[in-house]
Trainee: 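Sharing a structure below in structure tokens format, with a few things to ask.
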Amino acid sequence: MIYYFTGTGNSWQAAKALADLTSDVCCPMPQEHSPHFERAARHAVLGLVFPIHAWGPPQVVLQAVQRHAAMWKKEMDKDRTITHYIYAVMTCGDDTGRTDQLLRRALQAQGLQLHACYAVQMRNTYVCLPGFNTDDAATEARKDAAFSNRMAHIARSIRQHAPAAASEELRGAWAWTKTYVLRPLFERCLMSDRHFRTDAARCTHCGRCARLCPVRNISLASADGLPTWQGHCTQCLACLHGCPTRAIDYGPFTHSKGRVTVTCGRH
């Protein structure tokens, strides 16, 4: 069983490709209590696919793991004849920092082991700070060209229940600093939806931003019909990238920056 969390669609694409290559099934990662999510532990192989947010797992992913890991352990212990294998696939624009360590600790707290962790470089989607932008055409084409081979390699390793070397995780330079110093600063200062702005002249009130939000954080119930963010944003930027009229910006830096096509199965 493969569970994924996705914003703009990178992790959805990776999960679907992996499901096809391993003859598995992929499902969106639930945000609340789900017996179906807990029963996934009865499968021999359990996969978690998610994007990197500020050199770590999105908080909604960590929360889902923490909420269900005890039940996974209980289900796994019911049948000792099954050799369980838990793996993670992280989609990133550049590198992952020490995301693997955060996920391992969350699982280990419940007596579970993360057997393998893989990174897949995909298109950059974070555009909210100076120096961050979408990829140029050549870089995106290079990543797209490498995607199929990378997923085939990961699928072969999963079928063999192989452990993964640290090189598979694309930790990058200053990995510890990025995850344990910059990430907390980012979450404290920038993990907020207060800086989203909507250009009323461009907004067509189509509601696509609300439909695309993976954590249902956007409402169109205001008197003017413009999107209103509810305070539990995960900074996936699906709303910003998915707005068909570019009516949504975040802070002062995104107006002139690139946008990606949102391909996540939500419309």
Trainee: Roughly how far, to the nearest 0.5 Å, is the NZ atom of K178 from the CH2 atom of W55?
Mentor: 6.0 Å
Trainee: Taking everything shown except K16 itself, do over 12 heavy atoms lie less than 6.0 Å from its NZ?
Mentor: no
Trainee: Side chains of Q13 and T263: any donor to acceptor distance under 3.5 Å?
Mentor: yes
Trainee: Can you establish whether the number of heavy atoms outside H255 located under 6.0 Å from its atom NE2 is more than 12?
Mentor: no
Trainee: Mind telling me whether W229 and F196 have parallel, tilted or perpendicular rings, with 30° and 60° as the class edges?
Mentor: parallel
Trainee: Could you tell me whether the side chain of F50 reaches within less than 4.5 Å of the side chain of Y4, counting heavy atoms only?
Mentor: no
Trainee: Measure across Y3 and M29 and return the closest heavy-atom pair with its distance rounded to 0.1 Å.
Mentor: O-CE, 3.9 Å
Trainee: Please report the shortest heavy-atom distance between V262 and G7, naming the atom on each side.
Mentor: CG1-O, 4.1 Å
Trainee: Working note: R98 + D100, criterion salt bridge (charged side-chain N to carboxylate O under 4.0 Å, His left out); need CA distance, chi angles, decisive distance, verdict.
Mentor: CA-CA 5 Å; R98 288 310 309 262; D100 64 298; 3.2 Å; yes
Trainee: Between Q121 (side chain) and D94 (backbone), is there a donor-acceptor pair under 3.5 Å?
Mentor: yes
Trainee: Quick one: sort the H161 and Y85 rings into parallel, tilted or perpendicular, breaks at 30° and 60°.
Mentor: parallel
Trainee: What is the minimum heavy-atom distance between P214 and T6, and which atoms define it?
Mentor: CB-O, 3.5 Å
Trainee: Testing the 3.5 Å rule here: is there a donor-acceptor pair between the side chains of N124 and N133?
Mentor: no
Trainee: Taking atom types as modelled, is there a side-chain donor on H68 or Q110 under 3.5 Å from an acceptor on the other?
Mentor: no
Trainee: So how far is it from Q101 CD to T179 OG1, rounded to the nearest 0.5 Å?
Mentor: 8.0 Å
Trainee: Hydrogens and angles aside, do T204 and T245 bring a side-chain donor and acceptor to less than 3.5 Å of each other?
Mentor: no
Trainee: Name the one of N10, V89, L18, L170 that satisfies side chain to side chain contact (heavy atoms under 4.5 Å, CB included) with V120?
Mentor: V89
Trainee: Could D135 and K143 be called an ion pair, given the rule that one side-chain N must be under 4.0 Å from one carboxylate O?
Mentor: yes
Trainee: If you take the centroid of each ring, where Trp contributes its six-membered ring, are H195 and Y250 closer together than 6.0 Å?
Mentor: yes
Trainee: Is a donor from one side chain sitting under 3.5 angstrom from an acceptor on the other, for D249 and T254?
Mentor: yes
